[in-house]
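Here is the structure we will look at, set down as structure tokens.
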Amino acid sequence: MNSMLYSDCEQIKASFNKEIAIKVQNIISKKVDLRDYVDINEIEGKVLVGLDASYLNNGLGIGVAVAIKYPQYDIIDCDITIRKVCIPYIPGLLAFREMYLLVPSLLNILKKVKPYVLFVDGHGYAHPRFAGIATHIGVVFNTPTIGIAKKRLVGEETIKNGDIYLKIGEKLVSKILLIKNKKIYISPGNKISLETSFNIAKIMSGNSKLPIPIYIADRISKIAKNHIDPNLDCKKFIDKIK
DNA sequence: GCGACAG
DNA sequence: ATCTTGTCGC
């Protein structure tokens, strides 16, 4: 599972090119579908997946995929990926850095469960090319995704019917969820609308600072930092959450 | 040139 | 994201 833990980054670095990455995003944005393939009235009993990454100060990154059942938030599966981080953080190109950490764990989760929707830490449609990491993953996996971000990347705030949105030109790309006076930027990734993304993120935000699938993925990725070993089993941490 | 800039 | 001490507020 972590066989390439110590492999170097040469191959990945060589395959990465900023201009090509931008072209890839433009292609992805043409495939985005913002219609609703999910229904908030059908979400009870469904499996949701949270994706998040954290980093160590030695060049390693940790990706977490956690499957949770709504509305009890039982953790039914969990997977951790540890890899050397090969791509720098470039605003707008986050997906090319973090997909290496998130995709292996997501694939392992998908072997066992069929999630209703994926929650991804970062923006989806609220992106300079409408192709943030949540959209990127949603298009590649052809599945509904919601982007959950703690900070604005692009867009201008605007108020409509008392709600705060982010708009790019005339299009609304994100709706802001206020949790304890803190702004959380919700945007559709793929196969979901902006309003449904917001409404689902909102009902997922029990008492935590973030929608619970992302909160739990975040917690696990940070706990894992203190337990780094090649045979790390995510399930050992399940009882340390909540 | 200057400021902004997901994680 | 991560590095970091004390400190303001509920």
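Chain A is the first sequence line, chain B the second, and so forth, proteins listed ahead of strands; every chain is numbered from 1.
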Can you tell me the distance, in whole Å, between the [atom1] atom of [X] and the [atom2] atom of [N]?
{"X": "A/K84", "N": "C/dA1", "atom1": "NZ", "atom2": "P", "result": "23 Å"}
{"X": "A/L56", "N": "C/dA1", "atom1": "CG", "atom2": "C1'", "result": "11 Å"}
{"X": "A/L153", "N": "B/dG7", "atom1": "CG", "atom2": "P", "result": "9 Å"}
{"X": "A/N57", "N": "C/dC3", "atom1": "CG", "atom2": "P", "result": "5 Å"}
{"X": "A/R97", "N": "C/dT2", "atom1": "CZ", "atom2": "C1'", "result": "10 Å"}
{"X": "A/N58", "N": "C/dC3", "atom1": "CG", "atom2": "P", "result": "10 Å"}
{"X": "A/I87", "N": "B/dA6", "atom1": "CD1", "atom2": "P", "result": "18 Å"}
{"X": "A/F96", "N": "B/dG7", "atom1": "CZ", "atom2": "C1'", "result": "15 Å"}

* Parallel, tilted or perpendicular: rings of A/F16 and A/F96 (30°, 60°) -> tilted
Are more than 12 heavy atoms, taken from residues, nucleotides or ligands other than [X], located less than 6.0 Å from that residue's [atom1] atom?
{"X": "A/K46", "atom1": "NZ", "result": "yes"}
{"X": "A/E157", "atom1": "CD", "result": "yes"}
{"X": "A/K23", "atom1": "NZ", "result": "no"}

Counting the atoms with a prime plus P, OP1 and OP2 as sugar-phosphate, which does [X] contact under 4.0 Å by heavy atoms, base, sugar-phosphate, or nothing?
{"X": "A/K180", "value": "nothing"}
{"X": "A/G92", "value": "base"}
{"X": "A/L93", "value": "base"}

- Quick one: does A/D218's side chain have a donor or acceptor within less than 3.5 Å of a partner on A/I214's backbone? no
Ignoring backbone atoms, test whether [X] places a side-chain nitrogen or oxygen under 4.0 Å from the OP1 or OP2 oxygen of [N].
{"X": "A/R152", "N": "B/dA6", "answer": "no"}
{"X": "A/K225", "N": "C/dT2", "answer": "yes"}
{"X": "A/K151", "N": "B/dC5", "answer": "no"}

Checking B/dG7, C/dT2, B/dA6 against the side chain of A/K222 (C-beta onward), the nearest is C/dT2
Practice item. Would you please determine if the base of B/dG7 is stacked by A/Y89, with stacking meaning a centroid separation under 5.5 angstrom and planes under 30 degrees? Key: yes
